[in-house]
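Numbering starts at 1 and runs along the sequence shown.
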Amino acid sequence: MGITVDGYSQLSAYERKRLKNITENAKFFAALKLHESAARLYQIASRKQPNVTKRAKPKKAEDEPVRRRSMRLQRVEPSGIPVPEPEAEELPRVPAGPVPMVPEDQESSKLTQELLATWMRISEMKANGTEKLTCDMKRYQDSLSSMVLSEENIRKVVKYRVCSMAIHPSQSIVLVAAGDKSGQVGLWNVDGESAGVCVFVPHSSMVSCMHFSPWHPAHLLSLSYDTLRCGDVTRAVFDEICRSEDDNFSSFDFLDDNGSTAVVGHWAGDVAVVDIRTPGMSPQLSADIGFKRTRTVHVHPVNKQYFMAAGSVDVCIYDVRYLKSKGNKPVSSLKGHTKSVASAYFSPVTGNRVVTVCADDKLRVYDTSSLSSTLAALSTVSHNCNTGRWLTRFRAVWDPKQERCFAVGSMARPRQVQLFRDTGALLHTFCNPDCLGSVCSINVLHPTRNILVGGNSSGRLHVFKE
């Protein structure tokens, strides 16, 4: 604050200068005999300046008029009876038993016939050399650089977010299957002239897991909360293998090379053994393994008696030969996870490695060449796994052509799919900012060709290929 100057009270420098200008203007107007203007300026200059500006008090609530709401907004009938809340619209449930392999739109009969005929034809062809081969790392890294994404290799295959995928082992045609959260199963012939897509609805809920049969790829097995089905293209039908009355299925894997038996995981934590050759409503064996939740199950590629289950914070390996209804003890426990585990898979050739994805933002690799009671992580990779509510959780999958490398979705920008070595080193990044603008949570790699397919939350598939 300033000091008393020219008869004014204590004011700031700005206020003193303002009042001085007003006084000089008043004198000027008086000299011009403009008495009215001069008197008004003198009045302003001599007015006492208030120290605090007071706000007008808000009106009390009782002074405001009561807002009227119509009976429609109050959800009340004119008679005064409340209107019940509308029920959420539910999709119709798929009936139990076999479901015909008829597309959802019912209009693409010619396209459907062509695609199913292609699937049948490539399933009859024998692959050249059925054993799994691993190329040297230098050649493998060079092949990764040749895999690119283009606009013509992007297609919306299912209506909602992709929750599972499988790729046909054919070396001549790229046929991809995708399952979404509503129960749809979409088939896409990537190499077809029209690049047609056929969509079927064999399930009533999320298709969380699917595989082409390793023995007979004319069979596509898909699993949802309530059913495990086998899509048989030779008979154009989705057979029901097993049913869960409490909507409890989470994942499955084959227990033998001919695809005749499978282990099925349950969201409630149990596992079951199912004989696919004898379709029925109940599994052959149901076992409590002590898990609160089982998200994925996976069978050892060489020693088929071993399977691995991943749950809340548990990842354990069991021997299926000693499974019983209760009191099961794991052969080995993979330690170190502090939050829920999204997936755990053996490496595809020897099974000597396991990769897990955990909600603690870590990818972990374990050495399972020798199974002790507890195993510590061989390597750990910091990875943002916070996919949130609207994206499918990441699952790291091994490349069948190079079992020391695995691919996983990424939250990084530009959007990409990352490929790591089992040492934790980032080997390659699949991306194309012009074509890929979304997160590919689910990925699958072709067993013999240089092809990677990524699925996003809007039902689109992205094919990186040579």
Side-chain angles (χ1 to χ4, degrees), residues 132 134 250-257 261-266 269-273 285-383 385 394-400 402-406 408 420-425:
K132 297 175 182 178
T134 299
S250 60
S251 61
F252 79 96
D253 195 18
F254 299 106
L255 281 167
D256 48 26
D257 288 329
T261 56
V263 57
V264 180
H266 292 69
D270 297 351
V271 297
V273 176
L285 170 67
S286 184
D288 180 359
I289 58 173
F291 279 26
K292 292 182 179 179
R293 184 178 294 272
T294 298
R295 284 191 172 84
T296 63
V297 290
H298 196 231
V299 176
H300 196 285
V302 178
N303 303 312
K304 296 287 186 179
Q305 71 271 22
Y306 295 130
F307 74 91
M308 178 168 50
S312 297
V313 293
D314 311 288
V315 179
C316 296
I317 299 173
Y318 294 87
D319 192 328
V320 71
R321 299 172 298 180
Y322 302 108
L323 275 185
K324 49 192 177 182
S325 57
K326 289 187 178 180
N328 293 286
K329 300 294 182 183
V331 175
S332 186
S333 298
L334 282 62
K335 299 297 185 180
H337 306 96
T338 59
K339 292 186 178 180
S340 64
V341 180
S343 65
Y345 297 120
F346 287 107
S347 56
V349 180
T350 63
N352 288 342
R353 295 287 186 270
V354 164
V355 61
T356 67
V357 179
C358 185
D360 60 7
D361 290 340
K362 293 287 192 297
L363 310 176
R364 293 176 174 86
V365 177
Y366 294 82
D367 182 356
T368 51
S369 57
S370 177
L371 297 180
S372 57
S373 58
T374 59
L375 294 173
L378 180 68
S379 61
T380 303
V381 180
S382 295
H383 191 78
C385 301
F394 292 151
R395 300 174 200 162
V397 292
W398 297 97
D399 189 344
Q402 178 50 263
E403 75 153 12
R404 291 298 177 93
C405 298
F406 60 88
V408 65
F420 292 89
R421 293 192 62 171
D422 58 354
T423 59

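Rounding to the nearest 0.5 Å gives a distance of 12.5 Å between CZ of R364 and NZ of K335. Here the straight-line distance linking atom NZ of K326 with atom OG of S286 works out to 10.5 Å at 0.5 Å rounding.
When the side-chain contact (heavy atoms from CB on, under 4.5 Å) test is applied to A396, the partners found at least two apart in sequence or on another chain are V355, V357, F406, V408.
Under the 4.5 Å side-chain criterion, counting only non-hydrogen atoms from C-beta, V263 is not in contact with V320. The shortest distance between side-chain heavy atoms of M308 and T368 does not fall below 4.5 Å. The side-chain heavy atoms of D253 and F346, taken from C-beta on, include no pair separated by under 4.5 Å. In this structure the side chain of V297 reaches within 4.5 angstrom of the side chain of S251, judged on heavy atoms. The shortest side-chain heavy-atom distance between V271 and F307 falls under the 4.5 Å cut-off. Between K362 and S382, some side-chain heavy-atom pair lies under the 4.5 Å cut-off.
What you find for P348 and P301 is that their closest heavy atoms are O-CB, 3.3 Å. Listed here is the closest heavy atom pair of A344 and H298: O-CB, 3.8 Å. Here the closest heavy-atom approach between residue F420 and residue G424 is recorded as CD2-O, 3.7 Å. Looking at every heavy atom in both residues, D361 comes nearest to C385 through OD1-N, 2.9 Å.
Within the structure, the side-chain hydrogen bond (donor to acceptor under 3.5 Å, both in side chains) test picks out the following pairs touching residues 343-358 (sequence neighbours left out): H337-T356, S347-E403, T350-N352, T350-E403, R353-D367, R353-D422.
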Name the atoms and distances for all side-chain donor-acceptor pairs under 3.5 Å in residues 287-295, with sequence neighbours left out.
unit_1, atom_1, unit_2, atom_2, d
D288, OD1, G290, N, 2.9
T294, OG1, G269, O, 2.9

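Considering D257, D256, D319 in turn, D257 is the only one that fulfils the salt bridge (charged side-chain N to carboxylate O under 4.0 Å, His left out) rule with K304.
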Does Y306 form a side-chain contact (heavy atoms from CB on, under 4.5 Å) with L371? I'd like the steps, not just the answer. CA-CA 10 Å; Y306 295 130; L371 297 180; 4.0 Å; yes
